[in-house]
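Single-structure report; data block below.
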Amino acid sequence: MKIYVVNFALSFQGEYYNEDTIGLDILAENLEDLWNVLETDIDNPPLTISERIEGMVEKNLGGLKYDTFSPVQIGERLEDDSLEVRWTDETFRFDNESTH
């Protein structure tokens, strides 16, 4: 199993929160398996990815109202604990404007 670090952007009613992302470590065999995990919202029990994001938002961004989360970058944690970016959503842009 590999450890992938997935950064999710949060949005509310179609507007992204440009300054707030949530990063989760997710175990998967490869990138294809990781995409399957993300699509089915199934992670290591007992929590789903949605529940893990909700917990991170409550803990770190208390009171933030969001209705959608989207993966914007995926990195693979290597044996030396460094991170190698494997995928970036090229259509997503941080434009230095906050929507909250």
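Ile26 pairs in a side chain to side chain contact (heavy atoms under 4.5 Å, CB included) with only one of the listed residues (Asp33, Ile3, Val5, Leu34), which is Leu34.
When side chains are defined from C-beta on, Asn7 does not count as touching Ile22, because their heavy atoms never get closer than 4.5 Å. Side-chain contact between Lys2 and Glu29 is absent, with no heavy atoms from C-beta onward closer than 4.5 Å. No side-chain heavy atom of Val6 sits under 4.5 Å from any side-chain heavy atom of Ile49. Between Glu90 and Thr88 there is a side-chain heavy-atom pair separated by less than 4.5 Å. Using a 4.5 Å heavy-atom cutoff, the side chains of Phe8 and Leu38 are in contact.
Taking hydrophobic clusters as Ile, Leu, Val, Met, Phe, Trp and Tyr residues chained together by side-chain heavy-atom distances below 4.5 Å, Val57 shares a cluster with Phe12.
Judged by distance alone, with hydrogens and angles left aside, the side-chain atoms of Ser82 form no donor-acceptor pair with the main-chain N or O of Leu78 at under 3.5 Å.
The ring-ring contact (aromatic ring centres under 6.0 Å, His included) pairs that include a residue from residues 71-90 are Trp35-Trp87, where partners are two or more places apart or lie in different chains. For the side chain to side chain donor-acceptor pair (under 3.5 Å) condition, no pair includes a residue of residues 55-69, sequence neighbours left out. Applying the salt bridge (charged side-chain N to carboxylate O under 4.0 Å, His left out) test to pairs two or more places apart or on separate chains, those with a residue in residues 73-83 are Asp25-Arg77, Glu76-Arg86, Arg77-Asp81.
Here the shortest heavy-atom pairing between Ala28 and Tyr4 reads O-CE1, 3.8 Å. Nearest heavy atoms, Phe69 versus Ser50: CZ-OG, 3.5 Å.
Note that CG of Leu83 and CD1 of Ile74 are 11.0 Å apart. Values are rounded to the nearest 0.5 Å.
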